[in-house]
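What follows is a short report on a single structure.
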Amino acid sequence: MKKKLLAFIVALSAVFAVMGATGHKANADEPHYTITSDATYAPFDFQDKNNQYVGIDQDLLKAIAKAAGFTVTVKPMAFNAAMQSVASSQADGVIAGTTITNERKAVYDFSDPYYKTGIAWATAKNSKIKSLSDLKGKTVALKTGTAGAEYAESIKDQYGFKITYFSDSDTVYRDVINGNSVATFADLPVLQYTIKNGTALKVQNSKEPFAAGDLGFAVKKGDNAQLLADFNKGLAIIKKNGTYDKIVNKYLSAKASTFTGSAKDNSTVWGILKTNRSAFLSGLKQTLYLTVVGIILASLWGLFLGILGVSKNTLLRSLSTTIVYIFRGMPMLVLAFFLYIGIPAVTGTKISAWTAGIMTLVLNEGAYIGAFVRGGFNSVDNGQMEAARSLGLSHSQAMRRVIIPQGLRLMVPSFINQFIITLKDTSLLSAIGILELTQTGTLIVTRNSQGFRVWAIVAMIYLIVITLLTLFSNWVEKRTKA
Amino acid sequence: MSEEKQVKVHVDKVNKSYGDNHVLRDISLDVMDNEVVVMIGPSGSGKSTFLRMLNQLEKPDSGLIEVDGYDISDPKTNINKVRENIGMVFQNFNLFNNYSVIDNITLAPVQLGKMTKAEAEKKAKELLETVGLPDKASAPVSSLSGGQKQRIAIARALAMDPDIMLFDEPTSALDPEVVGDVLDVMKHLAKMGMTMIIVTHEMGFAKQVADRVVFFESGKIQESGTPEQIFTAPKNERLQTFLSKVMQA
Ligand SMILES: Nc1ncnc2c1ncn2[C@@H]1O[C@H](COP(=O)(O)OP(=O)(O)O)[C@@H](O)[C@H]1O
Ligand SMILES: [Mg+2]
């Protein structure tokens with residue numbers, strides 16, 4: 001009975017894994033491209049109140065693709081991950097409000113400029129800081145990898161300020177509004193749009209932006225020349241026929257609530273829950289899905305490592321010890337980036353963020369599981385093995401019939417604990433762009449700037465799920481003790 | 001080997017050390033078919049090590065050990081096959097905690113293909129009868145008392161139809177009032193003609209059941225003989241000292 005259930009779970013997770021791994025099928029006659037994009041960079045890229053990805057970039061890309069005759073799948077993620085995915089050939093191109101710089105030209109080929117921009121700096125609304133020289137000795141908050149950040153770095157010694165980095169815009173703004181830092185540097189249209197949507201910041205140089213520059217669509221240097229040519233062709237067409245202006249105006253002169261939802265809904269937890277119900281649900285679903293598939297595969301891998309760790313063969317034992325040592329010692333985030341961005345950059349093979357995420361969970365959680373599985377087997381009294389062997393059972397028969405069943409029973413509490421840890425660890429996978437619960441929270445906050453309420457909701461959802469899981473596992477634990 | 005009794009266990013000049021601790025020194029001993037040998041001696045003298053060597057739970061550093069005619073230190077010998085014929089009973093019972101009583105008894109014969117599940121269960125029930133616990137078949141191990149556990153452990157060893165039984169202080173971990181139950185089972189086995197090597201401190205039992213008593217001290221067999229010789233006319237000085245101590249107690 002138990003065996004059947006296990007077999008069923010394994011089969012199920014294998015099916016899920018395959019489903020998760022298959023991407024979109026290309027349209028037969030038109031070329032199809034995978035384009036990465038920043039998930040939180042309004043007005044260029046963001047989720048609207050219906051949780052659709054919209055923004056100047058998104059609408060332009062759609063219009064250009066249609067005009068030039070290609071199709072795209074857009075993958076929103078953190079800006080850095082979006083750029084890296086293209087550099088490591090995980091995706092064909094990136095449109096993420098990217099400023100064309102000489103540094104980036106070393107790695108990417110850029111399209112014709114599609115938007116003129118410049119760097120602005122902003123402070124809290126009521127700040128006493130009026131000029132760059134007032135920044136001396138103060139801290140400036142920046143979003144990692146942006147042109148604003150690059151510019152601030154370049155003048156930081158001249159004006160004597162310190163810098164702190166965050167990976168999404170909303171956290172940067174919160175940091176300035178809360179007074180942890182005094183100012184931020186970012187693209188002018190981005191700041192203007194945010195402020196229009198109710199973020200309590202003030203732009204200091206809206207008339208004269210620094211380092212005026214251009215935004216461009218990028219592909220990996222030397223790759224995808226056809227895509228770049230098509231993009232330029234499409235851009236020329238929509239500029240000529242007026243579509244371009246229509247799109248830009250739609251975002252820059254619209255009322256904030258068109259995209260962000262009504263102020264009334266955003267001011268209560270209930271309202272936020274109601275308007276974002278489907279987003280929270282699908283984020284939660286993805287989190288649970290990652291957790292369940294992750295823990296099942298990690299358990300199998302961990303059991304394998306644990307059994308290897310108590311084998312009679314010294315070589316196998318030290319192999320197991322080494323694997324456990326490496327993956328327990330490596331921060332999970334580093335492992336995720338290494339798998340998703342590092343390895344493909346060298347080998348040139350694409351893997352989906354989802355696959356990389358599951359592999360990260362399996363390797364990391366599997367190492368912890370391997371360690372306690374080995375410990376569990378070792379803590380079974382040696383007399384059990386001797387009794388089994390004295391009857392004539394082989395080492396492996398003794399392991400299978402006597403030691404492993406007893407060891408597993410000792411491990412039940414550790415497995416349950418690891419299950420809960422895995423659930424929490426999935427939130428780290430938001431960094432490689434998986435749209436689970438935490439990333440969902442980030443996206444909603446970017447749009448409505450309701451950091452406190454949204455994160456409180458997300459925290460509650462995690463707590464509720466973990467409570468249910470704990471109750472369930474207490475029940476399982478009681479039943480296996482008997 | 002025709003008319004005479006068969007040699008079941010042949011040990012010749014066996015040595016064993018743990019680091020600097022020379023635990024067994026040139027031990028030689030033959031045990032015949034149907035013979036009951038009781039080993040006595042102070043603790044730490046090497047009795048357990050010697051016994052565990054007979055089914056290769058420990059390996060000797062040098063010397064020859066033959067059981068049922070098989071040289072068990074020869075790597076070509078299938079030790080698992082030899083062990084099927086040697087039952088062992090431990091001081092701490094070592095019943096399998098993850099099985100019920102009957103599954104403890106049937107595990108090895110079924111796993112090793114000696115019997116079908118049904119045959120093994122039938123045999124297990126007979127053995128439970130023999131050890132005086134016919135109603136414990138489906139009891140979990142954790143519900144048994146020490147005396148019951150040890151009798152089940154004996155039944156488990158007997159399920160493989162061994163022709164030699166090794167006992168390592170089978171009653172040392174038991175409450176005094178249940179020691180008799182276990183010794184009775186062992187006496188019964190002796191009567192049935194089982195070849196047995198028993199390490200014990202139960203001198204009364206030794207006198208009654210042993211064909212031969214072997215005195216271990218400092219990793220050596222200092223003296224061996226019939227129970228009368230050992231208990232009434234000990235020659236070795238250390239044996240005399242040992243006996244005076246245990247008889248006092
Ligand atoms: N696995 C082992 N490792 C190291 N020393 C051991 C081991 N087993 C037994 N010894 C030592 O060997 C000696 C004999 O032990 P043992 O055979 O258990 O004696 P006895 O059963 O007569 O009490 C003791 O000094 C004991 O400490
Ligand atoms: Mg001993």
Side-chain angles (χ1 to χ4, degrees), chain A residues 1-6 299 303 306-307 310-317 372-416 476-482, chain B residues 48 51-58 67 72 78-100 103-114 120 140-143 149-150 152-162 164-168 173:
Chain A
M1 178 61 204
K2 261 186 216 157
K3 252 187 222 159
K4 263 189 206 151
L5 184 69
L6 183 72
S299 296
L303 274 175
I307 290 169
V310 292
S311 103
K312 282 204 296 186
N313 185 320
T314 328
L315 202 75
L316 294 180
R317 272 207 315 273
F372 72 64
V373 166
R374 187 181 54 197
F377 291 151
N378 281 334
S379 65
V380 174
D381 177 32
N382 196 35
Q384 297 284 313
M385 176 58 102
E386 290 190 338
R389 295 307 304 273
S390 76
L391 288 165
L393 296 181
S394 67
H395 180 81
S396 71
Q397 282 173 320
M399 285 303 290
R400 267 183 294 136
R401 301 293 162 191
V402 178
I403 308 299
I404 291 179
Q406 290 187 40
L408 286 179
R409 192 168 290 184
L410 294 174
M411 292 165 208
V412 169
S414 305
F415 267 110
I416 287 165
V476 171
E477 207 176 333
K478 238 185 239 143
R479 289 197 39 155
T480 54
K481 253 196 194 130
Chain B
S48 293
L51 204 63
R52 292 156 57 80
M53 222 164 258
L54 300 181
N55 66 355
Q56 227 192 57
L57 288 180
E58 308 285 348
V67 178
I72 63 167
N78 181 350
I79 186 64
N80 293 334
K81 274 277 168 249
V82 180
R83 279 172 176 159
E84 290 184 13
N85 284 321
I86 314 173
M88 185 161 201
V89 175
F90 301 84
Q91 182 174 342
N92 295 315
F93 333 125
N94 293 338
L95 289 182
F96 304 133
N97 299 317
N98 55 322
Y99 293 116
S100 66
D103 290 343
N104 260 273
I105 301 174
T106 58
L107 177 72
V110 173
Q111 280 302 308
L112 297 170
K114 257 186 95 102
V141 165
S142 57
S143 69
K149 280 183 182 165
Q150 196 61 298
I152 302 297
I154 294 172
R156 176 178 69 178
L158 292 173
M160 288 298 293
D161 266 329
I164 304 168
M165 286 284 285
L166 310 175
F167 294 83
D168 191 358

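Letters go in sequence order (proteins before strands), and every chain restarts at 1. Just so we're clear, the structure is a prediction, and the values are computed from it rather than from any experiment.
For B:Y99, there are no ring-ring contact (aromatic ring centres under 6.0 Å, His included) partners at least two apart in sequence or on another chain. In terms of the side-chain contact (heavy atoms from CB on, under 4.5 Å) criterion, residue partners of A:S299 (sequence neighbours excluded) are, by chain and number, A:I295, A:I369, A:F415. Every side-chain contact (heavy atoms from CB on, under 4.5 Å) that B:K81 has, sequence neighbours left out, goes to B:N78, B:E84.
Counting heavy-atom pairs closer than 4.5 Å to chain A, the top residue among B:I86, B:L107, B:N92 is B:L107. Chosen from B:M160, B:Q111, B:M88, the residue pairing most often with chain A at heavy-atom distances under 4.5 Å is B:Q111. Note: B:L112 leads B:V89, B:L112, B:N55, B:V82 in heavy-atom pairs under 4.5 Å with chain A.
The contact between B:L95 and chain A is made entirely by backbone atoms, counting heavy-atom distances below 4.5 Å. Using a 4.5 Å cut-off between heavy atoms, B:R156 contacts chain A through both its backbone and its side chain. Of the atoms belonging to A:D381, it is side-chain heavy atoms, and not backbone ones, that fall under 4.5 Å from chain B. Heavy atoms of B:L57 lying under 4.5 Å from chain A belong exclusively to its side chain.
A donor-acceptor pair under 3.5 Å is absent between the side-chain atoms of B:N98 and the main chain of A:G407, judged by distance alone.
Residues of residues 387-398 of chain A lying under 4.5 angstrom from chain B, judged on non-hydrogen atoms, are A:A387, A:A388, A:R389, A:S390, A:L391, A:G392, A:L393, A:S394, A:Q397 by number.
Closest of all the heavy-atom pairs between B:F96 and A:Q384 is CA-OE1, 3.3 Å.
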